[in-house]
Amino acid sequence: MGIVTLSSTMTSCNNKRIEYPAAPQDETVDRYFELTIADPYRPLENDTAQATKEWVEAENKVTREYLDRIPYRQKIHNRLTSLQNYPKMGLISLAPDGRYYYYLNKGLENQSKLYRRDSINGEGKVWLDPNGLSDDGTVALKGITFSNDGKYMAYTISRNGSDWVEIYVMDTADGHLLDDHIEWAKFTDAAWCGDGFYYSAYDRPGEGKEFSNANENHRIYYHRLGTPQSEDQLAYTDPEHPLHFHSAYVPDSEDMLFVIGGGDGFGNSVMFRDIRKTGSDWKVMEPNQDTEVNIIDIIDGEIYFTTTYGAERRRLMKTSVANPDKTNWKEVVGEQEGVLTSAQRTGSRLLLTYEQDAANRAFIYNTDGSLVNEIKLPEFSSAAFSTSDRNDDIFYRATSMALPPTIYRYDAASNTSSVEMAPEIDNFNPDDYVTEQVFYTSADGTRVPMSLTYRKGLERNGKNPVYLYGYGGFNVSLNPGFSPNRVLWLENGGIYAETNLRGGGEYGESWHEAGTKMNKLNVFNDFISAARYLIDEGWTSPDYLAIEGGSNGGLLIGATVNMCPELFRVAIPRVGVMDMMRYHLFTIGWNWASDYGRSDDSQEMAEYLYSYSPLHNISNDGTPYPAIMVTTADHDDRVVPAHSFKYAATLQASNTGDAPKLIRIDSKAGHGAGKPVSKVIDEYADIYSFIFYNMGLEPR
């Protein structure tokens, strides 16, 4: 397959002057210390208002008419459908009932089903099918946890992509559903203890404000099976810190309740108490949220955990349950060259996963810190592991840019891995493609890594279409990973470029902090430098460069387009944080202040946020902008759609040239997680059609 250049007639028919809907406005003006800022599209923050609903309907009509006129959109949709139609298997996990559970989507099912095997080599049978929970596949199965006696399985679901979850309970003997039902829970699973479980929840929100109002006072409750939620016992609350998160962890021994606190720093607090003793005192292991502490388990009276304390790339430590104060913390495995990303029990040993230059490595250690083996992973890949303290079985899923997620079973005795399930995709051969990692220099001289994936034999002729993706925030690393949707881009001669910007976690906490608060411009400069590198090295040119990012990455796209619109042909800011002055006022936006800072912190902070806020820096002097398609969804309660609404309305009202400035507003969808396969295909058919068309290219 390849691409051809469209005739001038075909490329111009959709780029005529578009008549955009008029957005509701008012005369709102805000004051931030000495800074006065107009916010004319403030009415769009009310997503349930009739005027907003009418504007959304009108915008979707304009966008739909534009996209549906692209002559090859349906062919793209067909190809994406065939690329998605392959079995996608999740990790195999041993549960306390002695059975093995895993997720599997046989192809085009909107949601993956949960399967169960009675033995490791037994036949898998459907145990829970979330596709039957809604007519359109918009109810997603978020997670499962088992009681330690194996009798019950709790599962969480979300509706329409929302962060709100509900908890249900099944009997593992025959699969019947118990009467127990928990509502308005958020950022939680069920932490089993005795004949019930702990969970975290907020108060029931006001009607009509379920997906926009700020969430405050995250509490931990204990639910006893067979009782209504109204009788659940309050296990922990912190009214002095209403913007903190609180999650519960109970080890298999069911003797301790750990409370993990977050939301106010780069790390988390940890406290615990003995729940076998009524009224026992809390023991504080980590009092503040400046240090990461991730509990693994209690082994022989000692708490094993990973931490950034004294090691920005994390290390493995332990401390006694009797006296967990920092003065008693002992190092088990010291800080390594790579970043320690996870640690878990595997039989009587520990499995530690590291990332080095964005790719994963995995090692097995004894609990005394002595190295046993390294698990050899595919080259430049990422991996996730399933282990148990009940046996030595290790399953892992490895993937790379051109390797579909493959399930492996690791044999500790021989230190070898065997393939459990390797998917095959229609008319796709991974060996036809190559991924290389390059390093480029950012504006301040920092060396930044980027991976490039493309078909073998591609030439650097300056005309290759490039899809440049970045994120750069919240200590999130971009590791190698496969996307069937991306295959369409690659097989049409495109290059997929993924850059590991500062603000992420690829090189430890200093790399993260270098992209936060008053250093946030480093992230945008890193991304702009990536684009210039691709152009200067002959991979592409501005006429063939598309950029995309979601959430914090949507902020990235909006900011860099404002800074250097001449570098890009197409921009796709998805579910982005676009109003940096007011982001903290909606749902859990306040939680992002540790990375961004807030407009009410200080005059200096307000001015810095204002200087790059995508909404507030759109040009209006005729500077040509690339073609832009904003994406959001009506049930996004992570980054509320008001960000994208106000940004798109401002774009459309500004003088930024004739290239289209569209907004695609999905219905019955959220921030992205749990989206049905059918909606994923629809969205990427629109994205790729928009990109190819505005580059003047026709995919074949």
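Predicted model only: the values in this text are computed from it and were never measured.
Under a 4.0 Å N-O distance rule, the pair Glu683/Arg574 qualifies as a salt bridge. Between Lys186 and Asp163 there is no salt bridge, since no side-chain nitrogen of the basic residue lies less than 4.0 Å from a carboxylate oxygen of the acidic one. One finds a salt bridge joining Asp195 and Arg224 here, because a Lys/Arg side-chain nitrogen approaches an Asp/Glu carboxylate oxygen to under 4.0 Å. Between Glu509 and Arg314 there is no salt bridge, since none of the side-chain N atoms of the basic residue sits less than 4.0 Å from a carboxylate O of the acidic one. Salt bridge annotation for Glu109-Lys113: present, with a cationic side-chain nitrogen under 4.0 angstrom from a carboxylate oxygen. Between Arg315 and Glu335 there is no salt bridge, since none of the side-chain N atoms of the basic residue sits less than 4.0 Å from a carboxylate O of the acidic one. Checked for salt-bridge contact, Glu374 and Arg361 meet the test: a charged N lies under 4.0 Å from a carboxylate O.
The side-chain heavy atoms of Phe197 and Ile167, taken from C-beta on, include a pair separated by under 4.5 Å.
Classified by interplanar angle (parallel below 30°, tilted 30° to 60°, perpendicular above 60°), the ring pair Phe482/Tyr86 is perpendicular. Under the 30°/60° scheme for interplanar angles, the aromatic rings of Tyr249 and Phe258 are found to be tilted. Taking the six-membered ring where the residue is Trp, Tyr396 and Tyr408 present parallel rings, their angle staying beneath 30° rather than reaching 60°. Ring orientation note: the planes of Tyr152 and Trp192 are close to parallel, at an angle under 30° on the 30°/60° scale. Note: Trp282 and Tyr236 have perpendicular aromatic rings, judged against thresholds of 30 and 60 degrees for the angle between ring planes. A parallel orientation is assigned to the rings of Tyr221 and Tyr199, their planes being inclined by less than 30° (bins at 30° and 60°).
When only modelled atom types and interatomic distance are considered, Ser386 and Ser93 share a side-chain donor-acceptor pair under 3.5 Å. Under the 3.5 Å distance criterion, with hydrogens and angles disregarded, a donor-acceptor pair is assigned to the side chains of Glu254 and Asn148. Between the side chains of Tyr507 and Asn500, no donor-acceptor pair of N or O atoms lies under 3.5 Å. Inspection of the His181 and Glu166 side chains reveals an N or O donor paired with an N or O acceptor under 3.5 Å. No side-chain donor-acceptor contact under 3.5 Å links Asn110 and Asn131. One side chain, Ser477 or Glu355, offers a donor N or O that lies under 3.5 Å from an acceptor on the other. Under 3.5 Å, the side chains of Asp136 and Thr138 contain a donor-acceptor pair of N or O atoms. When only modelled atom types and interatomic distance are considered, Asn323 and Ser320 share no side-chain donor-acceptor pair under 3.5 Å. When only modelled atom types and interatomic distance are considered, Ser119 and Asn121 share no side-chain donor-acceptor pair under 3.5 Å. Thr435 and Thr453 form a side-chain donor-acceptor contact under 3.5 Å, judged by distance and modelled atom types alone. Of the N and O atoms on the side chains of Asn475 and Glu292, at least one donor lies less than 3.5 Å from an acceptor on the other residue.
Between the side chain of Thr319 and the backbone N or O of Met317 there is no donor-acceptor pair closer than 3.5 Å. The backbone N or O of Ala358 sits less than 3.5 Å from a side-chain atom of Asn479, completing a donor-acceptor pair. A donor-acceptor contact shorter than 3.5 Å is absent between the side chain of Ser381 and the backbone of Ser400.
Environment of CG in Asn429: crowded, with over 12 heavy atoms of neighbouring residues, nucleotides or ligands closer than 6.0 Å. Environment of CG in Asp300: sparse, with no more than 12 heavy atoms of neighbouring residues, nucleotides or ligands closer than 6.0 Å. Remark: Arg349 CZ is loosely packed, at most 12 non-hydrogen atoms of other residues, nucleotides or ligands lying under 6.0 Å away.
Residue Gln344 comes nearest to Ser342 through the heavy atom pair OE1-OG, 4.1 Å, listed as atom of the first residue, atom of the second, then distance. Closest approach of Ala248 and Ser200 over heavy atoms only: N-OG, 4.4 Å.
Geometric assessment of Arg486 against the ring of Tyr496 yields a positive cation-pi assignment under the 6.0 Å and 45° thresholds.
Phe385 contributes atom CZ, which lies 10.5 Å from atom CG of Leu352 (distance to the nearest 0.5 angstrom). In this structure, CD1 on Ile364 lies 9.0 Å from CG on Leu371, to the nearest 0.5 angstrom. If you take CD on Glu231 and OG1 on Thr227, they are separated by 5.5 Å, rounding to the nearest 0.5 Å. In this structure, NZ on Lys88 lies 6.5 Å from CG on Leu108, to the nearest 0.5 angstrom.
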Next on the checklist: Go through it in stages, so that I can follow the logic: the residues are Glu420 and Arg117, the test is salt bridge (charged side-chain N to carboxylate O under 4.0 Å, His left out), and I'd like the CA-CA distance, side-chain angles, deciding distance and then a yes or no.
Outcome noted: CA-CA 14 Å; Glu420 181 82 10; Arg117 296 178 183 174; 3.3 Å; yes
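If you look at Tyr102 and Phe395, their ring centroids are not closer than 6.0 Å.
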